[in-house]
> 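Before I ask anything, here is the structure I am working with.
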Amino acid sequence: MRPEHRLLKTDFFARPAPEVAPDLLGKCLVRRTDDEEIVAIISEAEAYEGTEDLACHASKGRTRRTEVMFGPPGRFYVYLIYGMHQMLNVVTNTEDSPSAVLIRAVHLVSGPGRLTRVLAIDGTLNGLPAVPASGLWFEDRGLTVPSTDIELSPRIGVDYAGPIWSAMPWRYTLARDSLPGLTELVKPGGRLS
DNA sequence: GCAGTGATCATA
DNA sequence: ATGATCACTGCC
């Protein structure tokens, strides 16, 4: 990791999910396995905040699955959905407010299920801290996303949470127009690579 | 529009 | 033990 590739540390994640999620847009998700290192620019994220938020798994209480969200921020919350797709979240806020941000899309990959497949993410990462030693972490590579490039909309697939929580505009998407310029920056040979 | 696929959790 | 419920994707 080069000096200007700043690892996002615990304090970045120790805030409410609706603050962390938009700040993650334009940040990099870096995956290192034995073979390779893959860098992906986060282009879509959703906030799941606390026990009040009926769309948040933590609203069901503290169970074996949700245990990670009740722990310290900056750890991965990975779970399997529909028997097929691994979902990648990073735990946010404090232990008083179990919350997480779902990484929904990265540039050139769409959908939170496809991105975990591409990045070789599965449950073995669940509960691990987002640091290089885990093989998966977040970096600030100097890209700044103006707030005008961030689109807000309701979270996907959470109608069961009722009218209030399902309508909450906690899905943050990087506007399509702002993407091409951003990828140039992290390509091999690009200014920031 | 809906099948596929399996962990998880409440109910018993 | 059993069954319902999924923060999804791809093919019809």
Side-chain angles (χ1 to χ4, degrees), chain A residues 8 12-27 29 31 38 40-95 97-130 136-138 150-174 176 179:
Chain A
L8 299 185
F12 179 91
F13 300 102
R15 299 176 287 149
E19 289 183 31
V20 176
D23 282 0
L24 275 175
L25 300 186
K27 297 294 190 295
L29 181 62
R31 175 57 159 161
I38 306 170
I41 301 173
I42 298 168
S43 59
E44 188 172 330
E46 282 178 358
Y48 290 87
E49 178 57 49
T51 52
E52 302 276 289
D53 175 7
L54 297 182
C56 179
H57 290 167
S59 67
K60 307 286 188 224
R62 191 169 183 151
T63 66
R64 195 159 70 250
R65 180 170 75 153
T66 63
E67 184 64 25
V68 196
M69 298 177 97
F70 288 81
R75 293 191 178 180
F76 296 114
Y77 169 39
V78 181
Y79 67 92
L80 189 69
I81 193 74
Y82 296 110
M84 245 181 258
H85 308 292
Q86 307 282 352
M87 297 290 104
L88 175 67
N89 298 248
V90 60
V91 174
T92 56
N93 217 331
T94 62
E95 314 191 12
S97 191
S99 57
V101 171
L102 169 68
I103 308 301
R104 281 197 62 84
V106 297
H107 191 47
L108 300 182
V109 181
S110 24
R114 290 193 58 197
L115 88 84
T116 54
R117 207 175 62 206
V118 167
L119 297 182
I121 288 163
D122 64 20
T124 59
L125 281 157
N126 189 42
L128 292 185
L136 181 68
W137 66 95
F138 299 94
I150 299 178
E151 293 167 357
L152 278 63
S153 54
R155 295 171 291 184
I156 301 295
V158 295
D159 288 351
Y160 63 81
I164 295 174
W165 293 106
S166 65
M168 202 66 70
W170 280 354
R171 175 190 185 198
Y172 304 90
T173 309
L174 202 48
R176 182 176 286 266
L179 285 175

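Here is the naming used below: chain letters follow the sequence lines, and residue numbers restart at 1 for every chain. For the numbers below, each heavy atom of this structure counts, side chains included, while hydrogens, waters and symmetry mates do not. Being a predicted model, the structure only gives us computed values, none of them experimental.
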> Could you give the CD1-to-C1' distance, from A:Ile103 to C:dA7, as a whole number of Å?
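That distance rounds to 12 Å.
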
> Is the phosphate of C:dT9, meaning OP1 or OP2, less than 4.0 Å from a side-chain N or O of A:Arg117?
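So the side-chain polar atoms of A:Arg117 never come under 4.0 Å of the phosphate oxygens OP1 or OP2 of C:dT9.
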
> Is it true that atom CD1 of A:Ile164 has more than 12 heavy atoms of other residues, nucleotides or ligands lying nearer than 6.0 Å?
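12 or below, so no.
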
> Which residue, A:Gly113 or A:Gly83, contacts DNA chain C at a nucleotide closer to its 5' end, judged by nearest heavy atom?
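Checking each residue's closest nucleotide, the 5'-ward one belongs to A:Gly83.
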
> Report the distance from atom CZ of A:Arg62 to atom P of B:dC9, rounded to the nearest whole Å.
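Going from A:Arg62 (CZ) to B:dC9 (P), I get 13 Å.
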
> With respect to A:Leu88, which candidate in A:Leu102, A:Asn126, A:Val101, A:Leu136 satisfies the side-chain contact (heavy atoms from CB on, under 4.5 Å) definition?
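Single side-chain contact (heavy atoms from CB on, under 4.5 Å) partner of A:Leu88 among A:Leu102, A:Asn126, A:Val101, A:Leu136: A:Leu136.
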
> Looking across every strand, which nucleic acid part, if any, lies under 4.0 Å from A:Leu102 by heavy atom: base, sugar-phosphate, or nothing?
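Base contact - A:Leu102 has a heavy atom under 4.0 Å of at least one base atom.
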
> Just compare C:dG10, C:dA7, C:dC8 and give me whichever is closest to any side-chain atom of A:Val158.
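Per side-chain heavy atoms of A:Val158, the pick is C:dA7.
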
> In whole Å, I'd like the distance from the CD atom of A:Glu46 to the P atom of C:dC6.
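Going from A:Glu46 (CD) to C:dC6 (P), I get 15 Å.
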
> Which nucleotide, B:dA7, C:dC8, C:dG10, lies nearest any side-chain atom of A:Leu80?
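So the side chain of A:Leu80 is nearest to B:dA7.
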
> Are side-chain N/O atoms of A:Thr66 and A:Thr63 paired as donor and acceptor at under 3.5 Å?
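Checked: A:Thr66/A:Thr63 side chains pair up, N/O donor to acceptor below 3.5 Å.
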
> Tell me the interatomic distance from A:Ile81, atom CD1, to B:dA7, atom P, rounded to whole angstroms.
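That distance rounds to 13 Å.
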
> When the distance from OH of A:Tyr48 to C1' of C:dC6 is rounded to whole Å, what number comes out?
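A:Tyr48 atom OH is separated from C:dC6 atom C1' by 12 Å.
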
> Output yes if the stacking criterion (under 5.5 Å between centres, under 30° between planes) is met for A:Tyr79 over the base of B:dA7, else no.
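Stack criterion not met.
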
> Looking only at side-chain atoms of A:Arg114, point me to the closest of C:dT9, B:dG6, B:dC9.
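Nearest listed nucleotide: C:dT9.
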
> Given B:dT5, B:dT8, C:dA7, which nucleotide is nearest the side-chain atoms of A:Met84?
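The listed nucleotide nearest to A:Met84's side chain is B:dT5.
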
> Do A:Phe138 and A:Phe12 have ring centroids that are under 6.0 Å from one another?
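No.
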
> Once you apply a heavy-atom cut-off of 4.0 Å, does A:Met69 come out as touching a base, just sugar-phosphate, or nothing?
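A:Met69: base contact, heavy atoms under 4.0 Å.
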
> Would you kindly give the CE-to-C1' distance between A:Met87 and C:dT9, to the nearest whole Å?
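Spelled out: CE on A:Met87 to C1' on C:dT9 is 9 Å.
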
> Distance check: side-chain N/O of A:His57 vs OP1/OP2 of C:dA7, anything under 4.0 Å?
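Looking at the OP1 and OP2 atoms of C:dA7, one of them is under 4.0 Å from a side-chain N or O of A:His57.
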
> Is there a Watson-Crick or G-U wobble partner for B:dT5 with both distances under 3.5 Å, and if so, which one is it?
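Answer to the pairing question: none, since B:dT5 forms no Watson-Crick or G-U pair.
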
> Side chain of A:Tyr82, heavy atoms from C-beta onward: which of B:dA7, C:dC6, C:dA7 has the nearest atom to it?
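That would be C:dC6.
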
> Looking for any heavy atom pair under 4.0 Å, which part of the strands does A:Arg65 touch: base, sugar-phosphate only, or nothing?
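It contacts sugar-phosphate atoms only.
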
> Counting only heavy atoms not in A:Glu19, do more than 12 sit closer than 6.0 Å to its CD atom?
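Yes, enclosed.
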
> Would you find a donor on one side and an acceptor on the other, under 3.5 Å apart, between the side chain of A:Glu46 and the backbone of A:Ile156?
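Yes, because the side chain of A:Glu46 sits within donor-acceptor range (under 3.5 Å) of the backbone of A:Ile156.
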
> Return the value, rounded to whole Å, for the distance between atom CD of A:Gln86 and atom P of B:dT5.
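Rounded to whole Å, this separation is 16 Å.
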
> Measure CD1/A:Ile121 against C1'/C:dC8 and give the value in whole Å, please.
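Rounded to the whole Å, the gap is 15 Å.
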
> On the nucleotide B:dA7, are OP1 or OP2 found under 4.0 Å from the side-chain N or O atoms that A:Arg64 carries?
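No, because none of the side-chain N or O atoms of A:Arg64 sits under 4.0 Å from OP1 or OP2 of B:dA7.
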
